[in-house]
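To start, the structure under review is shown below, and the notes come after it.
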Amino acid sequence: MHSHPTFEAPARRQLLIVDGHAFAYRAFFAIRSLSSPDGAPTNAIYGFIRMLVKMQAKIKPSHLVVVWDGGLAPARMSLHPEYKAQRPEMPSSLEQQLDQIVAYLHAAHIFSLLQDSCEADDLIAALTRQAVTAGWEVVIATSDKDFMQLVSPEVRLLNPQAKSDTLMGPDEVRAKTGVEPTQIADWLSLIGDAVDNIPGVPGVGPKTATDLLRQFGSIDALFQRLAEVGSDRLRASLQASEKLVHRNQQLVRLNCELSCEVELEELVCKPSDAAALRQLYAHWGFKTLLRELDPALQPAGDFFPETAGAC
C-alpha cells in the first residue's frame, strides 16, 4: 500500500496595521517622564515598543505595518478648510522622538509607511482593502471610531484603550452603535465628529442617528423620504442640514481607492536585527529591553514590570 505525501496547508495570512501617530501619542502620555543617559526624552519610544511587542504577542500576525500621517488630504481640506483645525500642535518632546521610533521599526524589521499628503486613515483603508481582496484577515490597532466603517468578518479592530482585549468585529460594532459597519459613515455624518472638527446635524445625537438609519437604511433614503420623519423639529433640522450631511459623508468616508506604494508581501514579519536593537536600547538606556534581547543575562525573578523605572 502506497502512502501519500502530506502537504501542509498554506499559512494563514493576517495583517496587523498600527496607526503610528495615535500610538506614539498614547505612549507619550501614558509614561510621563523618561529620558536617555544623554538627557533626551524617551517616554514615547519606550511606551511604543512595549505596546507593539504586546500586540504582536497577542495577535501573532504574519504581516505587520505601522502607518504614519503624511499630512491632511487636499480633497478634505478643500471641502472643509476647518477640518481638524482645532487640533493642538504636537508637543516638541514627542515630535523629536518620532524619528527614533522609526529607527526602532527599521531595526526590528517592521515596515514603516508614510506617503506625502496622505492621511494615515486613508492609507490604512487602502491597505485593508488590498489585503481583504487577496483573501487575508486584517486587524487594525486603533481607538479611532472612523475605522468601524471598515469592519467585516475579515476585518476587526483592536482598541489599545479598551479594558478588554476583545477584537471589535461586526457584532461588536452593532452592539456599540446599533447600526451595521456599512452604515457607520452615514451614522458619523449625521452626528458629526468633534475630534476632526466636523459638525453634525443640530439635535441629532448617536441614538437619534441610529433610529433614523434603522428606519431608512441610509442617508440617501432618509432625504428622499424626509416627509416620513415623525418629529417636526427633527425634520426641519435635517432639511436645513442636507448639504452639511452630504459634505460630511465625503469627509468621513475613508478612501479605499488610494494608491499604496507598497506590496503586501513586503509587510511580512521578519526576525529583528538584534545587534541594531542592542545599540539603540543601550543609547536610550533601556536596560530591561536589553536584558530581554539576551535572556541568559536575565536575573531570576525579574518579570519586567512595565513601569517607567523598569526600562
Does any part of the side chain of L127, heavy atoms only, come nearer than 4.5 Å to the side chain of L113, both counted from C-beta? yes
Is the closest side-chain donor-acceptor distance between W187 and T210 under 3.5 Å? yes
Could I get the full list of salt bridge (charged side-chain N to carboxylate O under 4.0 Å, His left out) partners for D171, not counting sequence neighbours? R174
All salt bridge (charged side-chain N to carboxylate O under 4.0 Å, His left out) counterparts of E228, not counting sequence neighbours: R225
For residues 147-156, the side-chain hydrogen bond (donor to acceptor under 3.5 Å, both in side chains) pairs (sequence neighbours left out) are S152-E154
Looking only at non-hydrogen atoms, find the nearest pair between M148 and P181 and report the distance. O-CB, 3.5 Å
Heavy-atom pair with the smallest gap, counting every atom of A24 and W68: CB-CZ3, 4.5 Å
Between Q97 and N43, a side-chain donor and acceptor under 3.5 Å: yes
Aromatic rings Y25 and F29: how do their planes relate, parallel, tilted or perpendicular, breaks at 30° and 60°? parallel
Parallel under 30°, tilted from 30 to 60°, perpendicular over 60°: which one fits the rings of H246 and F223? tilted
Can you find a side-chain donor-acceptor pair between W136 and Q130 that sits under 3.5 Å? no
Check whether any side-chain heavy atom of N159 sits under 4.5 Å from a side-chain heavy atom of M168, and report yes or no. no
So among Q215, R214, K207, which one has a side-chain hydrogen bond (donor to acceptor under 3.5 Å, both in side chains) with D211? K207
Is it the case that more than 12 heavy atoms not belonging to E242 sit under 6.0 Å from its CD atom? yes
Spell out, yes or no, whether I110 and V53 are grouped together once hydrophobic residues are joined by side-chain heavy atoms under 4.5 Å, including indirect joins. yes
Under a 3.5 Å cutoff, is there a donor and acceptor pairing between the side chains of E265 and H63? yes
Decide salt bridge (Lys or Arg N to Asp or Glu O under 4.0 Å) for E292 and R50; before the verdict, give the C-alpha distance in whole Å, the side-chain angles of both, and the deciding distance to 0.1 Å. CA-CA 12 Å; E292 289 181 12; R50 276 297 187 206; 2.9 Å; yes
Side chains of Q183 and V173 in contact at under 4.5 Å (non-hydrogen atoms): no
Is it true that D38 and S36 share a donor-acceptor pair across their side chains at a distance under 3.5 Å? yes
Run the ring-ring contact (aromatic ring centres under 6.0 Å, His included) test on F286 and Y46 for me, step by step, so that the C-alpha distance in whole Å, both residues' side-chain angles and the decisive distance to 0.1 Å come before the verdict. CA-CA 8 Å; F286 293 169; Y46 183 72; 5.1 Å; yes
